[in-house]
Visitor: 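Let me begin by handing over the structure; questions about it come next.
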Amino acid sequence: APGYGKSGFTTVEVQTDKVRVADDAIYSTYAYENAVVEKVDGKYKVKPTVQEYEFKLDTKVPKTGLLLVGLGGNNGSTLTAAVTANRHNISFNTKNGKIEPNYFGSVTQAATIKLGIDANGKDVYAPFNEIVPLLHPNDFVIGGWDISKLNLAGAMQRAQVLDYDLQRQLVKHLEQIVPLPSIYYPDFIAANQSERADNLIPGEDKWAHVEHIRKDIREFKEKNDLDKVIVLWTANTERYADIIEGVNDTADNLLKAVKESHSEVSPSTIFAIASILEGVPYINGSPQNTFVPGCIELAEKHNAFIGGDDFKSGQTKLKSVLAQYLVDAGIRPVSVASYNHLGNNDGYNLSAPKQFRSKEISKASVIDDMIESNQILYNDKYGKTVDHCIVIKYVPAVGDSKVAMDEYHSELMLGGHNTVSIHNVCEDSLLATPLIIDLVVVSEFLSRVTYKKKNSEEDYHQFHSVLSFLSYWLKAPLTRPGFDPVNGLNKQRAGLENLIRGLVGLAPHNDLKLEERTV
Ligand code: NAI
């Protein structure tokens, strides 16, 4: 079809009076139904609520640039290679035959959403990216920073992720791309990374570093004639920053701390501050606490979008499905033991205790909301925790093929037990890179959605700064202060799909299937 594979291509037209399609926007009304619950004397008092919203989705997809922090890493180079291969339609030979480029593993590019049923009651699905106008990855303008100055052809070869015949054809496209110099505070990433740190912004003045990054963002935007830029951290995992009163607890204190070049301000927080001050969405793909309380407050003050933390790619994604399945089935997980070994540079960095600790915290939080959802299984009598053990080891020989082994040990009725063991080998960067695509496509889309309460005189607002709609792709979802994260994968997905459906005038998913079940 004309326009297929390009930004803004849609094929879905909903015939409803809930939607008005204008030249540059889709206006919709949406009844948000929920219930407010109070527990009184062991009984639930539930009051159904309905709030009508008016949504406006700007339909013009802007020319968008993506600036990656860690451009020369495995994910950064694989993303750039994947977009280049798809954009130029570069196919390649492997021992299994010829492979055409694709975006498998990306929800926005390779998954579908149920629209409704056909005349015979059979479900009908449309591609995820053909319902509302979305940015297409082939149109990403990619740039970024790395503390290693190797160009992207060299970075791709160093990563050892792609087949040789594809690498060979990509070299001429990638060798011109050289990462911008970056910020390196050696105390934050593993000491073993110092060997690759040869591309650094000089000096130790942290405010000058913020200014430098802001200028890089502005120049990238101007040079490429972009309407919008998104910055995403896919650099090494940093250690946690200590939260210190007067240093990073409020927006003002954080800015003051940067101006004083305080030692607890990490490179990733410098990038976040620069992005926030430029009004550019900033997404954190690693586990560290970039978004210290002062950084979240700064984003709120500037109405800038932030999202994080830590890509939810393999083991944790499965955990957020499996733990939910067990608890929803009334089975009581008592221990989850997760082992990983990997041999890429991420694994090398995570072999240092402080960086491992960041990952451990991020991986551990994923079952919390499921435990809290079920007081029959988790209570004072049976205990309120699951023994959750996380191990990561660096085994160079396996390279980018990460191995994950998980054991879920649960209690059944009458003292029975159920143990599920999972052994998963996956090519780490090919699993993670499509998540970067989705995070960028969905962040860009969310930044075009505005809303107001129906019939209010107010202007349309944008969503809250913390883009928790992105949680599907993130291990430890950053959530608006005062709210709990949702970890269950299906709930995260439903929230996003229902938003997309609502914007085109469709009700939330409904699985009652009454066409079949009534006579
Ligand atoms: P990598 O080690 O291959 O790449 C990281 C890159 O960041 C390197 O090129 C390094 O030179 C660069 N870097 C380090 N500090 C920097 C700084 N301050 N500024 C600019 N560049 C800097 O790692 P990979 O595999 O690409 O993963 C990237 C991040 O994504 C890691 O933190 C990892 O934990 C996280 N992640 C990866 C997943 C996956 O690959 N499946 C899943 C979840 C998270």
Side-chain angles (χ1 to χ4, degrees), residues 65-84 140 142-162 167 170-204 206 209 212-213 215-217 219-220 231-239 266-272 274-275 283-288 290 311 342-352 354-355 358-359 394 396 399-400 402 427-430 432-433 436:
L66 166 60
L67 282 169
L68 295 175
V69 194
L71 178 63
N74 278 27
N75 288 344
S77 60
T78 305
L79 176 85
T80 314
V83 168
T84 308
F140 287 1
I142 301 174
W145 302 265
D146 204 293
I147 54 170
S148 157
K149 67 167 171 267
L150 199 55
N151 70 51
L152 269 270
M156 166 187 71
Q157 288 156 346
R158 175 175 62 188
Q160 301 180 0
V161 170
L162 302 173
Q167 288 192 28
L170 284 170
V171 166
K172 66 172 184 286
H173 298 279
L174 300 185
E175 64 192 356
Q176 301 95 327
I177 310 175
V178 182
L180 296 164
S182 195
I183 304 166
Y184 179 52
Y185 306 151
D187 179 37
F188 279 89
I189 58 174
N192 61 30
Q193 297 296 309
S194 64
E195 303 147 34
R196 61 199 276 160
D198 60 2
N199 194 35
L200 310 183
I201 299 172
E204 289 178 0
K206 294 194 175 183
H209 290 163
H212 187 112
I213 300 303
K215 187 158 161 283
D216 284 345
I217 296 172
E219 283 180 1
F220 179 69
V231 178
L232 183 143
W233 177 280
T234 180
N236 288 133
T237 296
E238 296 175 334
R239 70 164 173 84
S266 63
S268 65
T269 300
I270 298 283
F271 274 96
S275 304
I283 299 157
N284 176 29
S286 301
Q288 71 274 348
T290 301
F311 304 126
L342 70 171
N344 56 20
N345 190 54
D346 183 25
Y348 193 33
N349 183 62
L350 293 175
S351 64
K354 285 184 182 167
Q355 286 65 30
S358 295
K359 203 50 132 187
Y394 177 54
D400 203 53
K402 178 156 80 183
E427 294 178 63
D428 208 19
S429 306
L430 292 171
T433 298
I436 299 182

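Position 1 is the first residue of the sequence, and the numbers go up from there. Heavy-atom basis, side chains included; hydrogens, waters and symmetry copies ignored.
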Visitor: Are M156 and L170 packed together at the side-chain level, in the sense that at least one heavy-atom pair is separated by less than 4.5 angstrom?
Guide: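 Answer yes - side chains close enough.
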
Visitor: List the steps and the verdict of side chain to side chain contact (heavy atoms under 4.5 Å, CB included) for W233 and T290.
Guide: CA-CA 10 Å; W233 177 280; T290 301; 5.8 Å; no

Visitor: Report the C-alpha distance between L152 and T84 in whole Å, list the side-chain angles of each, state the deciding distance to 0.1 Å, and finish with yes or no for side chain to side chain contact (heavy atoms under 4.5 Å, CB included).
Guide: CA-CA 11 Å; L152 269 270; T84 308; over 6 Å; no

Visitor: Are side-chain heavy atoms of N344 and Q160 found at a separation under 4.5 Å?
Guide: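 No, side chains not in contact.
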
Visitor: With no hydrogens and no angle check, is any side-chain donor or acceptor of R158 less than 3.5 Å from a backbone partner on G72?
Guide: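 Answer holds: yes.
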
Visitor: Any non-hydrogen side-chain atom of S268 less than 4.5 Å from a side-chain atom of V69?
Guide: no

Visitor: Does the side chain of S194 reach to within under 4.5 Å of the side chain of Y184, using non-hydrogen atoms?
Guide: yes

Visitor: Over all heavy atoms of both residues, which pair between A190 and A352 is shortest? Give the atoms and the distance, please.
Guide: CB-CB, 3.6 Å

Visitor: With a 6.0 Å cut-off (strictly less than), is the heavy-atom count around CD of Q167, excluding the residue itself, greater than 12?
Guide: yes

Visitor: I need the F188 CZ to I270 CD1 distance, nearest 0.5 Å.
Guide: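 F188 atom CZ to I270 atom CD1 measures 9.0 Å (nearest 0.5 Å).
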
Visitor: Using modelled atom types only, decide if a donor and an acceptor are shared between the side chain of S358 and the backbone of E238 within a distance under 3.5 Å.
Guide: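 Judged by distance alone, yes, a pair lies under 3.5 Å.
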
Visitor: Looking only at heavy atoms, what is the nearest atom pair of Y185 and P267, with distance?
Guide: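 Looking at all heavy atoms of both residues, the shortest contact is CD1-CD, 3.3 Å.
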
Visitor: Report, as yes or no, whether the 6.0 Å neighbourhood of atom CD on Q176 holds more than 12 heavy atoms from other residues, nucleotides or ligands.
Guide: yes

Visitor: Name the atoms and distances for all side-chain donor-acceptor pairs under 3.5 Å in residues 74-81, with sequence neighbours left out.
Guide:
from: N74; atom 1: ND2; to: D400; atom 2: OD1; distance (Å): 3.0
from: N75; atom 1: ND2; to: T234; atom 2: OG1; distance (Å): 3.2
from: S77; atom 1: OG; to: G73; atom 2: O; distance (Å): 2.7
from: S77; atom 1: OG; to: N74; atom 2: O; distance (Å): 3.4
from: T78; atom 1: OG1; to: N74; atom 2: O; distance (Å): 2.5
from: T80; atom 1: OG1; to: G76; atom 2: O; distance (Å): 2.7

Visitor: Would you check if N199 and P181 make a side-chain contact, meaning some heavy-atom pair closer than 4.5 Å?
Guide: yes

Visitor: Give a yes or no answer on whether the side chain of S182 reaches the backbone of G70 with a donor-acceptor pair at less than 3.5 Å.
Guide: no

Visitor: Hey, what do you get for NE2 (H209) to NE2 (H212), rounding to the nearest 0.5 Å?
Guide: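 It is 8.0 Å, given to the nearest 0.5 Å.
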
Visitor: List the steps, then state whether side chain to side chain contact (heavy atoms under 4.5 Å, CB included) holds for D216 with F271.
Guide: CA-CA 11 Å; D216 284 345; F271 274 96; over 6 Å; no

Visitor: I'd like to know if the side chain of N349 reaches the main chain of T237, judged simply by a donor and an acceptor atom lying under 3.5 Å from each other, with no hydrogens or angles considered.
Guide: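 It does hold such a pair.
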
Visitor: Do F220 and L180 have side chains that approach each other closer than 4.5 Å (heavy atoms only, starting at C-beta)?
Guide: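 Sidechains of L180 and F220: no contact.
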
Visitor: How many angstroms lie between atom CG of L232 and atom CG of L67, to the nearest 0.5 angstrom?
Guide: 10.0 Å

Visitor: Kindly compute the distance separating CG (N192) from OG (S351), expressed to the nearest 0.5 Å.
Guide: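 Between N192 CG and S351 OG, I get 5.0 Å after rounding to 0.5 Å.
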
Visitor: Could you grab the distance from atom CD1 of I189 to atom CZ of R196, nearest 0.5 Å is fine?
Guide: 8.5 Å

Visitor: Tell me the closest heavy-atom pair linking R239 and Q288, and the distance in Å.
Guide: O-CB, 3.9 Å

Visitor: Out of curiosity, W145 CH2 to I217 CD1, how far, rounded to the nearest 0.5 Å?
Guide: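 Interatomic distance, W145 CH2 to I217 CD1, rounded to 0.5 Å: 4.5 Å.
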
Visitor: Who passes salt bridge (Lys or Arg N to Asp or Glu O under 4.0 Å) against K402, sequence neighbours left out?
Guide: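 K402 satisfies salt bridge (Lys or Arg N to Asp or Glu O under 4.0 Å) with D428 only.
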
Visitor: Side chains of Y394 and L350, heavy atoms from C-beta outward: is any pair under 4.5 Å?
Guide: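 The answer is no; the side chains never approach within 4.5 Å.
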
Visitor: Determine, stepwise, if the pair Q157 / V171 fulfils side chain to side chain contact (heavy atoms under 4.5 Å, CB included).
Guide: CA-CA 9 Å; Q157 288 156 346; V171 166; 3.6 Å; yes

Visitor: Any donor and acceptor pair, going by atom type alone, linking the side chain of N345 with main-chain N or O of Y348 inside 3.5 Å?
Guide: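 Looks like no, no N/O pair under 3.5 Å.
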
Visitor: Given side chains that start at C-beta, do those of N151 and L174 come closer than 4.5 Å, heavy atoms only?
Guide: no

